[in-house]
Student: 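This is the structure, below, for whatever I ask next.
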Amino acid sequence: MERREFLKMSAAMSAAAAVTGCSSESAQTTPPVTVPVEEKLNWSACLVNCGSNCPVKVYSRDGIITRIETDYAVEDDYGNHQVRACLRGRSLRKRVYAPDRLKYPMKRVGPRGSGQFERISWDEALNTVASELGRLRGQYGPECTHFTYHSGAYYSFAGFNCLARLMNITGGALGAYGDYSWAQLYQAANYTYGDANHGWLGSSNAEMRKSDLVLLIGHNPAEMRMSGSGESYDYLNIIQDKQKQRAQDGTQFKTIIIDPRYTDSALGKEDQWIPVRPGTDAALMEALAFELITNNWIDQSFLNSHCLGFDEHTLPAGQDYDATYKSYILDNTQPGSLTAGSNAKTPEWASAICGVPADDIRQLAKDLADATTPFVHIAASLNRQAAGENNIRACYMLPILLGQVGLPGTNNGAMCSGASLPIATMPTRGDLNTVDKSISFFTFTQAIEDGENMTVLRDGVKLPADQLDANGDGKLGVNIKAIVNYAGNALINQHADTKKTEALLKDESKCEFIVVIDNWMTPSAEFADILLPDINWLETKDDLINQSYAAGDTATLVQMSSSLEPMFECRDAYDIALGIAEIWGVAGQFTEGKTKQQWRDELYAVAKNATPELPSKEEMKTQGIFRKYLPNGSYVVLEDFRKDPVANPLKTPSGKIEIYSDRLATLGSKWELKEGDVISALPKYVPTWDGYESLDTPEEREKAAKYPLQMHGYHTKGRAHSSYHNVPWLREAVEDAVWMNPIDAQERGLSSGDTVQVFNDRGTIELPVKVTPRIMPGVTALGQGAWFKGAGKNIDKGGCLNTLTSQRPTPISKGNGQHTIRVQINKA
Ligand SMILES: Nc1nc2c(c(=O)[nH]1)N[C@H]1C(S)=C(S)[C@@H](COP(=O)(O)OP(=O)(O)OC[C@H]3O[C@@H](n4cnc5c(=O)[nH]c(N)nc54)[C@H](O)[C@@H]3O)O[C@H]1N2
Ligand SMILES: Nc1nc2c(c(=O)[nH]1)N[C@H]1C(S)=C(S)[C@@H](COP(=O)(O)OP(=O)(O)OC[C@H]3O[C@@H](n4cnc5c(=O)[nH]c(N)nc54)[C@H](O)[C@@H]3O)O[C@H]1N2
Ligand code: SF4
Ligand SMILES: [Mo]
């Protein structure tokens with residue numbers, strides 16, 4: 001059996017090598033194989049976290065993938081169009097047959113992180129996991145167990161939910177709130193619009209069709225929403241139509257992109273690119289506000305009726321004019337006056353910080369005021385900066401000041417809503433979780449180091465009310481002792497400061513047990529004590545998947561079937577969780593007496609019930625995909641609130657859009673903040689650690705001089721995070737190189753292709769440089785997600801961006817400012 005599977009894998013690898021013209025080690029030793037069998041087609045899906053879950057057509061012979069195709073079942077008419085996979089999905093065959101695919105359960109035999117493993121049986125592996133987790137959970141309580149962040153496999157059935165379910169029915173695990181994507185954005189939304197739903201997801205993409213000015217602030221759909229049916233497709237289709245119409249009859253329409261890089265979303269498709277220094281958008285927004293206010297381009301009646309804290313007309317309780325946004329922007333103390341003080345947020349003031357010429361700021365303000373339906377889209381990239389919460393709040397002010405909220409063709413600044421169709425997922429039984437404490441996802445390394453002493457007011461620990469003292473403070477009281485890392489590479493690669501994480505994880509007295517469940521030998525897998533091989537997406541059968549959380553305007557359901565057997569000894573998460581449940585004697589609770597097939601049929605029935613037009617399971621096996629354009633129609637965010645703010649109040653304490661947040665004023669005065677961290681009632685630009693303007697301390701000034709270049713990350717076409725890194729086709733197609741402006745390159749004597757060292761106090765990476773005017777001077781950028789190769793070494797030649805990033809949490813959400821980086825770059 002095993003030998004046969006090895007032969008199959010070798011055959012697949014040599015087939016892949018024949019296509020690329022490369023030879024892999026195994027290809028040279030492959031015996032000839034006869035492949036007379038009929039080719040089969042199965043629909044499956046790409047389950048990464050890029051916001052889509054594209055269907056893929058998997059052709060196979062005798063259980064070996066022969067080729068991957070994408071959807072072309074319908075004519076490509078927009079609205080009923082093809083849902084095509086991007087370059088990554090199309091390379092899936094290479095990913096399934098990557099040489100580092102995990103084949104058997106393994107245990108660590110060298111020091112942790114050394115990558116030395118030995119094959120063991122599933123019995124031994126599951127018994128070790130069960131006994132180690134049992135031992136630690138018995139000794140420290142279930143709250144010593146932590147699931148590290150994971151977004152590598154969006155299964156609806158045999159995925160993470162099975163492991164969460166196992167933990168919950170046996171006491172639970174330490175909670176983690178927030179995520180690497182949007183933690184700061186959730187808080188900005190929460191404090192401004194009352195809940196994350198009204199600031200996280202905004203109007204649907206289709207509303208752009210009614211807009212005459214689309215402003216993308218750090219939004220780059222062409223690279224980070226690449227699905228052939230996703231947001232990038234909607235965006236391109238809409239702007240192409242609008243630009244055609246403009247050429248024909250002069251209809252007003254403009255697209256403006258604010259980004260330090262000239263992205264693929266631009267490339268001639270934009271009307272204007274405004275490069276901005278990373279982390280300084282808030283200063284730019286304040287100058288735009290200055291222009292809107294002083295030219296009387298604001299919507300005063302909207303500000304009066306729907307907002308709190310703009311000026312003397314909507315004073316927050318107990319405050320006077322000095323506390324309002326208008327007073328702050330104009331730096332004056334006289335209600336009704338437009339006289340500006342010496343600290344007014346003028347275009348000249350902002351220009352020195354954000355790098356946008358003052359005249360361009362004035363023109364942008366005028367363009368926004370002239371537009372009848374401006375559509376403002378702020379990307380999550382701005383929230384991954386040191387003052388992420390304030391960046392997003394500052395940008396929300398544009399549509400708010402203009403009163404362009406809740407109306408057709410507008411957006412309140414949030415990321416576009418994606419269409420979706422309901423499906424059911426494996427129930428996790430969160431109701432049985434006995435652990436009522438949680439930490440911010442980003443502070444798990446701190447909780448390994450010294451969770452016991454992490455507090456509510458300093459570290460953002462969340463405790464139940466009865467565990468808080470009179471001041472509202474309290475300690476977490478436990479360290480993370482056991483980690484379950486499933487379908488995630490955030491144990492080290494995707495988390496910040498890899499060298500610091502490496503040192504922490506290597507100390508086995510701290511986190512005593514780590515189980516990693518993955519498909520490949522990733523940097524996180526190398527830190528496992530027990531390593532379990534999951535099956536691959538293309539090997540799964542009968543999972544109904546929706547098109548994830550950023551599907552764009554076309555909702556899709558995909559039926560995953562397979563003619564492949566799981567390779568080698570791989571097992572899916574359901575079987576892994578059930579195996580441990582059996583050892584712990586809770587198999588009955590885990591299965592509820594149902595077989596796997598019964599679970600899957602039941603979950604399908606729920607989806608079918610919710611969408612009766614969905615074909616039967618059998619029909620879906622051949623049809624593969626079910627699509628529906630705008631199933632709930634186009635959506636305008638805050639439409640009801642706009643119509644009647646009294647009848648449809650927001651969930652903020654005032655029921656209004658809170659420009660001034662009393663809750664944040666309280667947090668700012670009560671929480672223990674690090675030097676330079678600001679939590680302010682009003683959205684405010686503030687200098688930050690490792691920002692363009694350094695913090696005003698001797699150490700920070702010295703650091704800024706030592707590391708003169710700003711750097712920021714971005715989500716590259718070549719990967720979804722670290723996923724797909726091990727596909728050589730993609731490494732060739734999308735070079736991992738640090739982008740640098742010719743002015744900075746000339747100063748350093750660098751040309752494109754030179755190998756450089758990029759370094760700061762946290763570490764050094766080595767990789768090629770790409771010299772290009774597509775990035776502004778003084779700023780450098782690197783696609784995140786390359787695999788860390790710096791364990792035990794001084795230089796990370798893998799070029800993992802997180803070797804340079806900081807674990808210092810952001811002020812409110814205690815989240816990840818991973819786009820805030822300062823470096824120096826020299827020729828290697
Ligand atoms: N190809 C691909 N697509 C992906 C992913 C992936 O890894 N690969 N990941 C997915 C996930 S989980 C997420 S959360 C999203 C992330 O989506 P985003 O957070 O929007 O993506 P980023 O690429 O980080 O940033 C988008 C753009 O913002 C710019 N930028 C960086 N800092 C600043 C700043 O301070 N101001 C301004 N104005 N612009 C700035 C970058 O140059 C980049 O072009 O992407 C999703 N899509
Ligand atoms: N510097 C910097 N760091 C960042 C970001 C940034 O912009 N800059 N972005 C952050 C963001 S927004 C996010 S969402 C995170 C993403 O961080 P992660 O959620 O860690 O995402 P991936 O790197 O894609 O890792 C997914 C893992 O799942 C594994 N996997 C894939 N399929 C399967 C499967 O079927 N079963 C199992 N068991 N495993 C599987 C992959 O091999 C991989 O190890 O990264 C964050 N890190
Ligand atoms: S990476 Fe995203 S866009 Fe590309 S195929 Fe996979 S799901 Fe689709
Ligand atoms: Mo993300």
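Starting from 1, each residue takes its place in the sequence as its number. Every heavy atom of this structure was used, including side-chain atoms; hydrogens, water molecules and symmetry mates were not. We count ligands from 1, going down the list as the structure has it; atoms in each ligand are counted the same way.
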Student: Mind checking whether Arg95 contacts ligand 2 via backbone (N, CA, C, O), side chain (CB onward), both or neither, at a 4.0 Å heavy-atom cut-off?
Tutor: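 The part of Arg95 near ligand 2 is the side chain, not the backbone.
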Student: Compute both the distance and the angle, then confirm whether Arg774 meets the cation-pi test with Trp739: under 6.0 Å from the six-membered ring centre, within 45 degrees of the axis.
Tutor: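 Because its charged atom misses either the 6.0 Å distance or the 45° angle limit, Arg774 does not stack over Trp739.
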Student: When you measure from the heavy atoms of Asn802 to every atom of ligand 2, does any distance fall below 4.0 Å?
Tutor: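 Yes; Asn802 lies near enough to ligand 2 that a heavy-atom distance drops under 4.0 Å.
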Student: Does at least one non-hydrogen atom of Gly785 fall below 4.0 angstrom from an atom of ligand 1?
Tutor: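 Judged by the 4.0 Å heavy-atom criterion, Gly785 does not count as contacting ligand 1.
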Student: Give the atoms of ligand 1, by number and element, whose distance to some non-hydrogen atom of Ala379 is under 4.0 Å.
Tutor: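 Going through ligand 1 atom by atom, the ones under 4.0 Å from Ala379 are 20 (O).
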Student: Is the contact between Ala720 and ligand 2 made by the side chain, the backbone, both, or neither, using heavy atoms and a 4.0 Å cut-off?
Tutor: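 Within the 4.0 Å criterion, Ala720 contacts ligand 2 through backbone atoms alone.
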Student: Using heavy atoms and a 4.0 Å limit, tell me yes or no: is Arg88 in contact with ligand 1?
Tutor: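 Right, Arg88 reaches ligand 1.
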Student: Mind checking whether Tyr155 contacts ligand 2 via backbone (N, CA, C, O), side chain (CB onward), both or neither, at a 4.0 Å heavy-atom cut-off?
Tutor: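 It is the side chain that gets close, since no backbone atom is under 4.0 Å.
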Student: Quick check on ring-ring contact (aromatic ring centres under 6.0 Å, His included): which of Tyr396, Tyr186, Tyr549 does Trp200 satisfy it with?
Tutor: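 Among Tyr396, Tyr186, Tyr549, the one that satisfies the ring-ring contact (aromatic ring centres under 6.0 Å, His included) with Trp200 is Tyr186.
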Student: With heavy-atom distances below 4.0 Å as the criterion, list the atoms of ligand 1 near Pro260.
Tutor: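 This gives 30 (N), 37 (C), 39 (N), 40 (C) as the contact atoms.
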Student: Is there a donor in the side chain of Ser381 and an acceptor in the side chain of His819, or the other way round, less than 3.5 Å apart?
Tutor: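 No pair is found: no donor N or O on one side chain lies under 3.5 Å from an acceptor on the other.
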Student: Under 6.0 Å between the ring centres of Phe442 and His495?
Tutor: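 Yes, the ring centres sit under 6.0 Å apart.
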Student: Give the numbers and elements of all ligand 2 atoms closer than 4.0 Å to a heavy atom of Thr522.
Tutor: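 Result: 42 (O), 44 (O).
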Student: Go through ligand 1 atom by atom and flag the ones less than 4.0 Å from a non-hydrogen atom of Arg225.
Tutor: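 The atoms of ligand 1 under 4.0 Å from a heavy atom of Arg225 are 46 (C), 47 (N).
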Student: For residues Ser562 and Glu539, is any side-chain donor paired with an opposing acceptor at under 3.5 Å?
Tutor: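 Result is no, nothing qualifies.
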Student: Please could you name the atoms of ligand 1 that Gln385 approaches to less than 4.0 Å, counting only its heavy atoms?
Tutor: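 Numbered from 1, ligand 1 contributes 32 (N), 33 (C), 34 (C), 35 (O).
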Student: With respect to atom 35 (O) of ligand 2, which of Phe441, Tyr154, Trp537 exhibits the smallest heavy-atom separation?
Tutor: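 The option holding the nearest heavy atom is Trp537.
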Student: How far is atom 37 (C) of ligand 1 from the closest protein heavy atom, and which atom is that?
Tutor: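 Nearest neighbour among protein heavy atoms for atom 37 (C) of ligand 1, to 0.1 Å: Asp281 OD2, 3.5 Å.
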Student: Please tell me whether Tyr154 and Phe160 form a close aromatic pair, meaning their ring centres lie under 6.0 Å apart.
Tutor: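 No.
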Student: Would you mind checking which non-hydrogen protein atom is closest to atom 5 (S) of ligand 3, with the distance to 0.1 Å?
Tutor: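 Its nearest protein heavy-atom neighbour is Cys86 N, 3.4 Å.
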Student: What about Ser181: any of its N or O atoms under 3.5 Å from an N or O on ligand 2?
Tutor: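 N/O-N/O distance under 3.5 Å: no.
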Student: Going by the order shown, which atoms of ligand 1 are within less than 4.0 Å of some heavy atom of Thr263?
Tutor: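 Reading through ligand 1 atom by atom, the close ones are 44 (O).
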Student: Based purely on interatomic distance, does Asn489 place a nitrogen or oxygen under 3.5 Å from a nitrogen or oxygen of ligand 2?
Tutor: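 In this structure, Asn489 places an N or O atom under 3.5 Å from an N or O of ligand 2.
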Student: Looking only at heavy atoms, is any part of Asp518 under 4.0 Å from ligand 2, and if so is it the side chain, the backbone, or both, or is it neither?
Tutor: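 Contact part for Asp518 vs ligand 2: both backbone and side chain.
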Student: For Ala781 and ligand 1, answer yes if some heavy atom of the residue is under 4.0 Å from a ligand atom, otherwise no.
Tutor: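 Contact check Ala781 vs ligand 1: negative.
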Student: Check contact between Tyr549 and ligand 1, using heavy atoms of the residue and a distance below 4.0 angstrom.
Tutor: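 Flag set, Tyr549 near ligand 1.
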Student: Going by atom types only, do Asn493 and Ser722 share a side-chain donor-acceptor pair under 3.5 Å?
Tutor: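 Judged by distance alone, the side chains do not pair up.
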Student: Using heavy atoms and a 4.0 Å limit, tell me yes or no: is Met415 in contact with ligand 1?
Tutor: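 Under 4.0 Å: no for Met415.
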Student: If you measure from each non-hydrogen atom of Ala720 to ligand 3, which part falls under 4.0 Å: side chain, backbone, both or neither?
Tutor: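 It is neither part, as no heavy atom is under 4.0 Å.
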Student: On the ring face of Tyr235, is Arg225 found with NZ or CZ under 6.0 Å from the centre and within 45° of the axis?
Tutor: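 No; the conditions do not both hold, so Arg225 does not lie above the ring face of Tyr235.
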Student: Below a 4.0 angstrom heavy-atom separation, can you tell me which part of His715, side chain or backbone, both or neither, approaches ligand 2?
Tutor: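 The answer is the side chain.
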Student: Hey, is Ser722 touching ligand 2 through its side chain, its backbone, both or neither, going by heavy atoms under 4.0 Å?
Tutor: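 Both backbone and side chain.
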Student: Does Arg277 make a cation-pi contact with Tyr692 (under 6.0 Å, within 45 degrees of the axis)?
Tutor: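 Yes; both conditions hold, so Arg277 lies above the ring face of Tyr692.
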Student: Taking only heavy atoms of Tyr180 into account, list the atoms of ligand 2 that are under 4.0 Å away from them.
Tutor: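 Those of ligand 2 that fall under 4.0 Å from Tyr180 are 10 (C), 11 (C), 12 (S), 13 (C), 15 (C), 46 (C).
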Student: Relative to the heavy atoms of Trp520, which atoms of ligand 2 are at a distance of less than 4.0 Å?
Tutor: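 That gives atoms 31 (C), 42 (O) of ligand 2.
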Student: Nearest 0.5 angstrom please: Tyr724 OH to Leu92 CG, how far?
Tutor: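 So the gap between those two atoms works out to 3.5 Å.
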Student: State plainly whether the residues Arg67 and Glu69 are in salt-bridge range, i.e. N to O under 4.0 Å.
Tutor: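 Answer for the salt bridge query: yes.
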Student: Within a distance under 4.0 Å of any heavy atom of His150, pick out the atoms of ligand 2 and give their elements.
Tutor: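 Within the 4.0 Å cut-off of His150, ligand 2 contributes 19 (O).
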Student: Can you confirm whether or not the ring centre of Tyr177 sits under 6.0 Å from the ring centre of Phe441?
Tutor: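 Not close enough - the centres of the two rings lie 6.0 Å or further apart.
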Student: After noting the C-alpha distance and the side-chain angles of Lys269 and Asp264, does the key distance pass the salt bridge (Lys or Arg N to Asp or Glu O under 4.0 Å) rule?
Tutor: CA-CA 9 Å; Lys269 299 181 284 294; Asp264 287 10; over 6 Å; no
Student: Any heavy atom of Gly279 sitting closer than 4.0 Å to ligand 1?
Tutor: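 For ligand 1, residue contact (heavy atoms, under 4.0 Å) with Gly279 is present.
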Student: May I ask you to identify, for Gln784, whether its side chain, its backbone, both or neither come under 4.0 Å of ligand 2 on a heavy-atom basis?
Tutor: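 The part of Gln784 near ligand 2 is the side chain, not the backbone.
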Student: Is there an N/O/S atom in Cys46 that lies less than 2.8 Å from atom 4 (Fe) of ligand 3?
Tutor: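 Given the 2.8 Å cut-off, Cys46 does not count as a ligand of atom 4 (Fe) of ligand 3.
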Student: Would you mind running through ligand 2 and noting each atom that sits below 4.0 Å from a heavy atom of Gln818?
Tutor: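 Once the distances to Gln818 are compared, the set is 1 (N), 2 (C), 3 (N), 4 (C), 47 (N).
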Student: Do you see an N/O/S atom of Cys50, backbone or side chain, under 2.8 Å from atom 2 (Fe) of ligand 3?
Tutor: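 Yes - counting backbone and side chain alike, Cys50 has an N, O or S atom under 2.8 Å.
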Student: Run the numbers for me: atoms of ligand 2, each under 4.0 Å from some heavy atom of Ser151, listed by number.
Tutor: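 That gives atoms 16 (C), 18 (P), 19 (O), 21 (O) of ligand 2.
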Student: If you count the atoms of ligand 1 from 1 in the order shown, which ones are under 4.0 Å from a heavy atom of Asp259?
Tutor: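 Contacts of ligand 1 toward Asp259, numbered from 1: 27 (C), 28 (O), 29 (C), 41 (C), 42 (O), 43 (C), 44 (O).
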Student: Short check: any N/O/S atom of Cys54 below 2.8 Å from atom 8 (Fe) of ligand 3?
Tutor: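 Yes, within the cut-off.
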Student: Under a 4.0 Å threshold between the charged nitrogen and the carboxylate oxygen, would Lys499 count as salt-bridged to Asp796?
Tutor: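 So Asp796 does not pair with Lys499 through a salt bridge.
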Student: Can you list the ligand 1 atoms lying under 4.0 Å from a non-hydrogen atom of His819?
Tutor: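 Ligand 1 atoms under the 4.0 Å threshold to His819: 24 (O), 31 (C).
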Student: Between Phe147 and Tyr486, does the ring centre distance come in under 6.0 Å?
Tutor: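 No - the distance between ring centres of Phe147 and Tyr486 does not fall below the 6.0 Å cut-off.
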Student: Report yes or no: does a heavy atom of Glu223 sit under 4.0 Å from some atom of ligand 1?
Tutor: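 The answer is yes, since Glu223 has a heavy atom less than 4.0 Å from ligand 1.
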Student: Considering only heavy atoms, does Asn49 approach ligand 2 within less than 4.0 Å through its side chain, its backbone, both, or neither?
Tutor: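 Only the side chain of Asn49 comes within reach of ligand 2.
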